[in-house]
There are 2 protein chains.
Amino acid sequence: MKPSAQAKETPQSHSDCNATPLGRAIHLLGDSWILLIITNLLQGSMRFNILRAELGHISSKTLTSRLKLLEELGFVQRRAFLEIPPRVEYHITEKGQELGEVIAALEKFGNKHLSNPPIVESGDCAFTSDDIPL
Amino acid sequence: MKPSAQAKETPQSHSDCNATPLGRAIHLLGDSWILLIITNLLQGSMRFNILRAELGHISSKTLTSRLKLLEELGFVQRRAFLEIPPRVEYHITEKGQELGEVIAALEKFGNKHLSNPPIVESGDCAFTSDDIPL
DNA sequence: CAGGATCCGATCGGATACTG
DNA sequence: CAGTATCCGATCGGATCCTG
């Protein structure tokens, strides 16, 4: 049959909505913004615009969506103060802090193998010779 | 046509000034395919099409570009056997194996916080928050 | 100030066809 | 079998405008 029907909720999940926890983790962390946001929040709660500034140039749209996702997942908590002007602080939760371990692993790895020039354009260890394994 | 001035297909989205190793790591790992490929290769070398099958439905184009990047970074080694039909095996390098630690952290995290039934809701693969905020 | 709604361009990524 | 080139649609994300 031809699934021409528009899948309303069948998104861009190229790598099938992995049924495994690792798969989901990979999918979640497979987003630079998520990691960046967590990294920043790990250093302390901050307001929307501050966080936005920290992240460089991220549109409010993007930041909002990521924050919303993280909030739904319970990794970040949103605290809105009903006052004027509005104040909203985002802070990491216990669960979220555990992402710190992943970040740490990432950092460790980065320091070890990605400290030098990220310039990797052509021919590195590329040998297309007849090299026989074992 | 003159495809000599072809743009690099380095998975780069936003131009976050990746001056830091962590930034670069985040950027690198901020790609689901990269993580997925490494995860698979960590379990043993495999041939192009096998790997492709393992990954589900990834186009040769995409797989090739990721593999190329990983090779340039020295995380994966490509071994081509000059024979017919062609045989190419990809296997992880020492450096690449260290990504295993990141994967492990990810897996640990996933098992701890993302192992429950997924509920389809927001856009992509859905995640469940076993701990719903407020 | 926080963030929702739109418009729209840049990019990604899959399908297909072709080569060695 | 491995990989490349091209076409093109789906998605992302930034810019902008607007509201509470």
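In what follows, chains are A, B, ... by sequence order, proteins preceding strands, each numbered from 1. These numbers were taken from a predicted model, which means no experiment stands behind them.
C:dA2 atom P lies 11 Å from atom CG of A:L67, rounded to whole Å. The separation between A:L55 atom CG and C:dG3 atom P is 14 Å, rounded to whole Å. If you measure from atom CZ of B:F48 to atom P of D:dC1, you get 12 Å, rounded to the nearest angstrom. At whole-Å resolution of the value, CH2 in A:W33 and C1' in D:dT11 are 17 Å apart. Remark: C1' of C:dG14 and CZ of B:R52 are 10 Å apart, rounded to the nearest angstrom. Counting to the nearest Å, the P atom of D:dA2 and the CG atom of B:L51 are 10 Å from each other. One atom, CZ of B:R78, and another, C1' of D:dC1, lie 12 Å apart when rounded to the nearest Å. As a whole-Å value, the separation of B:H27 NE2 from C:dC12 C1' is 13 Å.
Residue A:R87 is the one, among A:R87 and A:K61, whose nearest nucleotide of DNA chain C lies closer to the 5' end (criterion: closest heavy atom). Nearest-nucleotide positions on DNA chain C place A:T64 closer to the 5' end than the other of B:L63 and A:T64. Mapping A:I58 and A:P86 onto DNA chain D via the closest heavy atom, the residue that lands nearer the 5' end is A:I58.
Checked options B:I26, B:D31, B:L29; the residue passing with A:S32 is B:I26 (criterion: side-chain contact (heavy atoms from CB on, under 4.5 Å)). Of the candidates B:V88, B:L41, B:I58, B:L51 forms a side-chain contact (heavy atoms from CB on, under 4.5 Å) with just one, namely B:L41.
Rounded to 10 degrees, the angle between the two end axes of the helix from C:dC1-D:dG20 to C:dG20-D:dC1 is 40°, with five pairs used at each end.
There is no path of hydrophobic side-chain contacts, each under 4.5 Å, that joins A:F48 to A:F81.
Distances shorter than 4.0 Å separate some side-chain N or O of A:R66 from OP1 or OP2 on D:dG13. OP1 or OP2 of D:dC1 has not a single side-chain nitrogen or oxygen of B:Y90 nearer than 4.0 Å. Contact between the side-chain N/O atoms of A:N49 and the OP1/OP2 oxygens of C:dC1 is not found at any separation under 4.0 Å. A sub-4.0 Å separation between OP1 or OP2 of D:dG14 and a side-chain N or O of A:S59 is present. The shortest distance between the side-chain N/O atoms of B:R47 and the OP1/OP2 oxygens of D:dA2 is below 4.0 Å.
Shortest non-hydrogen contact noted between A:F109 and B:K95 is CE1-O, 3.6 Å. Shown here for B:F75 and B:I92, the closest heavy-atom pair between the two residues is O-CG1, 3.4 Å. Residues A:A105 and B:A105 approach most closely at CB-CB, 4.1 Å, considering heavy atoms. Listed here is the closest heavy atom pair of B:S115 and B:N111: OG-O, 2.7 Å.
Taking 3.5 Å as the limit, the base of D:dT4 and the side chain of B:S60 contain a donor-acceptor pair of atoms between them.
The side chain of B:K68 approaches D:dT4 more closely than any other nucleotide in the set C:dG3, D:dT4, D:dG13. Distances from the side chain of B:D31 to the nucleotides C:dG13, D:dG13, D:dC1 place C:dG13 closest.
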Worked check of side chain to side chain contact (heavy atoms under 4.5 Å, CB included) between B:L35 and B:L99: CA-CA 9 Å; B:L35 273 318; B:L99 268 170; 5.8 Å; no

